[in-house]
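Worksheet for the structure shown next.
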2 protein chains.
Amino acid sequence: MNNLLGLAVLATVVERPMHPYEMATLIRARGKDRDMGVKWGSLYTVVRNLERHGFLAVEETVRQGAHPERTIYRITDAGRAELADWARDLIATPEREQSRFQAGLSVGAVLPPDELAGLLRRRLALLDEDITAQREMLDTARREVPRLFLVEAEYELAVREAEASWVRSFLEELTAGSFPGLDLWRAWHESGRMPPEVAELAERGRTTD
Amino acid sequence: MNNLLGLAVLATVVERPMHPYEMATLIRARGKDRDMGVKWGSLYTVVRNLERHGFLAVEETVRQGAHPERTIYRITDAGRAELADWARDLIATPEREQSRFQAGLSVGAVLPPDELAGLLRRRLALLDEDITAQREMLDTARREVPRLFLVEAEYELAVREAEASWVRSFLEELTAGSFPGLDLWRAWHESGRMPPEVAELAERGRTTD
DNA sequence: CGACGTATACTCGCGAACGAGTATCAGGAT
DNA sequence: ATCCTGATACTCGTTCGCGAGTATACGTCG
């Protein structure tokens, strides 16, 4: 059980018993699907797993017309406890999460510096668009929704802004030419392959793990 | 092929032909395993996939004593192209990645505000520790490694710092009592369950997707 | 009034990922 | 001389996620 969709399900069904499809609708309406990166294909699997672990229990199964049966679940005491524990853990324990951008940066040297600069400019433009859009959405939402239910969005925005500003400053070093070793770096890419003596330099002083 | 371990493999074997275990050693030595969130159980699967796609080719297979056979791979032209394309994509295209913390925050209301504050304090402490450690590591590394190979670490640090500072400011609002709706929120948790009329408020104005 | 889109509600099977296991060898400690 | 630890090098089986598919009902537009 480390699929975050499970958390969204628990947080939704805690309100009142309901069937999976209704959970999905509510999760979507509250925008939790974004926060959890939900893939709907896993919904029924996840719900069944939660039941297997005793966090949900079947309340009843009803049938309506020729529709398939709907199974209505309710949360158990264990489920409520799990919901709280899960939330506690996610909030209190920072974990090194892998970011695609970081991965990209860590192989950034395989591209010539000027191309890299172009890519970063592109990223920055998209980031800025996204930031304005999100900021606008937040401002709209604040009129109807208490801030309590918007903190995740505020957090996301803050992180995005930090990323944008980091990219901007890196980009400035690249375009101003003040980034150390720029010429050398450009030279490898102009004249074929990277010299192996440089590769050795890539080994970093790794003390902590 | 969207396992980042594959990117690390390509970025390593581009230097010279080698066998999988050697790739693993190099990837670890260069600290790329952190950036990519590598699980070593997938190494051989990933290498075989890269070969299947024509990005790697078998150079030779040697046997040494009673050790299992070692298969030595080299990168192909297609592989080099894929490496560059992959890097380009990761760098230029920002993507909404799901963060555990954000998920936690988005169900933060299931915890009473004072407990949440405690958890955030704990997170902040751990974050601060981590930040100092990383900063120190970076400073050490900078003495031996060109900055070009440290940008990912600089980026990571910047993001961490932004997170810490967001948490700090949220925490201040909570402890100073200036967070809107604090009393109401506290009241639900003291007196049983969350009133359903509040749940309705959680639906946010969702325009963009 | 029929046809087409969209919401409702759920199932299935492939396939990637990865934890755990296996087996050999080198070198230092006892 | 033998034990043990840690590095070398790779395999396997299970689990889980999830994309794609299925089938009915409802509304609406021409």
Side-chain angles (χ1 to χ4, degrees), chain A residues 1-9 12-13 17-29 33-34 36-53 55-56 58-73 95-98 100 103 206 209, chain B residues 1-9 12-13 17-29 33-34 36-53 55-56 58-73 86 95 97-98 100 103 206 209:
Chain A
M1 276 287 56
N2 59 343
N3 189 337
L4 287 177
L5 175 52
L7 183 69
V9 164
T12 305
V13 79
M18 61 184 87
H19 56 98
Y21 192 83
E22 192 181 358
M23 299 174 200
T25 312
L26 276 180
I27 288 170
R28 230 172 305 172
D33 52 336
R34 281 172 155 266
M36 321 276 179
V38 168
K39 312 297 163 82
W40 295 113
S42 323
L43 177 62
Y44 290 84
T45 316
V46 163
V47 168
R48 235 169 281 132
N49 281 355
L50 288 172
E51 191 201 352
R52 207 160 42 77
H53 285 47
F55 301 141
L56 296 183
V58 174
E59 174 98 343
E60 55 172 339
T61 70
V62 299
R63 147 159 286 144
Q64 218 197 61
H67 272 299
E69 237 176 21
R70 295 182 310 179
T71 309
I72 298 187
Y73 294 88
E95 246 168 270
R96 154 174 316 296
E97 323 210 24
Q98 58 104 327
R100 288 167 35 96
R206 313 204 65 241
D209 236 331
Chain B
M1 273 287 57
N2 59 344
N3 188 338
L4 288 176
L5 176 52
L7 183 70
V9 164
T12 305
V13 78
M18 61 183 87
H19 56 98
Y21 192 84
E22 192 181 358
M23 298 173 200
T25 312
L26 274 180
I27 288 170
R28 230 171 306 173
D33 51 337
R34 282 173 154 265
M36 321 277 181
V38 168
K39 312 296 163 84
W40 294 114
S42 322
L43 177 63
Y44 290 84
T45 315
V46 162
V47 168
R48 235 169 281 132
N49 280 356
L50 288 171
E51 191 200 352
R52 208 159 41 79
H53 285 47
F55 302 141
L56 296 184
V58 173
E59 174 98 342
E60 55 172 338
T61 70
V62 298
R63 147 159 286 146
Q64 216 196 62
H67 272 299
E69 235 175 22
R70 293 182 311 180
T71 309
I72 298 186
Y73 293 88
W86 202 342
E95 247 168 271
E97 322 210 24
Q98 58 104 326
R100 287 169 34 96
R206 313 204 65 239
D209 237 332

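Lettering of chains follows the sequences in order, A, B, ..., and the numbering in each one begins at 1. What you see is a predicted model; the values in this text were computed from it and never measured.
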Please set out all donor-acceptor pairs under 3.5 angstrom arising from side-chain atoms of residues 42-50 of chain B, sequence neighbours excluded.
from, atom 1, to, atom 2, distance (Å)
B:Ser42, OG, B:Lys39, O, 3.4
B:Asn49, OD1, B:Arg52, NH2, 3.2

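Put simply, NE2 on B:His19 is 7 Å from P on D:dC10, counting in whole angstrom units. Straight-line distance from the CZ atom of A:Arg28 to the C1' atom of C:dT8: 10 Å, rounded to whole Å. One interatomic measurement links the two molecules: CZ of A:Arg52 to P of D:dC16, which rounds to 6 Å at whole-angstrom precision. Protein atom CD of B:Gln98 is 12 Å distant from nucleotide atom P of D:dG17, rounded to whole Å. What separates CG of B:Asn49 from C1' of C:dA16 is a distance of 8 Å, to the nearest Å. Distance CZ (A:Arg70) to P (C:dT8): 11 Å, rounded to an integer number of Å. Spacing between atom CG of B:Leu43 and atom P of D:dC10 amounts to 9 Å, rounded to whole angstrom units. For the pair B:Leu4 CG and C:dA16 P, the computed distance is 16 Å after rounding to whole Å.
In this structure, B:Glu51 has no salt bridge (charged side-chain N to carboxylate O under 4.0 Å, His left out) partners at least two apart in sequence or on a different chain. Residues that satisfy the side chain to side chain contact (heavy atoms under 4.5 Å, CB included) test with B:Thr61, not counting sequence neighbours, are B:Val58, B:Glu69, B:Thr71. For B:Glu59, the salt bridge (charged side-chain N to carboxylate O under 4.0 Å, His left out) test picks out B:Arg74, with sequence neighbours left out. In this structure A:Tyr73 satisfies the ring-ring contact (aromatic ring centres under 6.0 Å, His included) test with no other residue, sequence neighbours excluded.
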Under-3.5 Å N/O pairs linking protein and nucleotides 18-22 of chain C:
from, atom 1, to, atom 2, distance (Å)
C:dC18, OP2, B:Ser42, OG, 2.9
C:dG19, O6, B:Gly41, O, 3.4

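The listed nucleotides are C:dT8, D:dC10, C:dT11; the one nearest the side chain of A:Tyr21 is C:dT8.
In this structure, A:Arg48 does not reach the C:dC10 phosphate: none of its side-chain N or O atoms is under 4.0 Å from OP1 or OP2. Residue B:Tyr44 has no polar side-chain atom (N or O) positioned under 4.0 Å from OP1 or OP2 of D:dT11.
The CD1 atom of A:Ile27 sits 8.0 Å away from atom CE of A:Met36, with the distance rounded to the nearest 0.5 Å.
Looking only at side-chain heavy atoms (C-beta outward), B:Trp40 and B:Leu5 come within less than 4.5 Å of each other.
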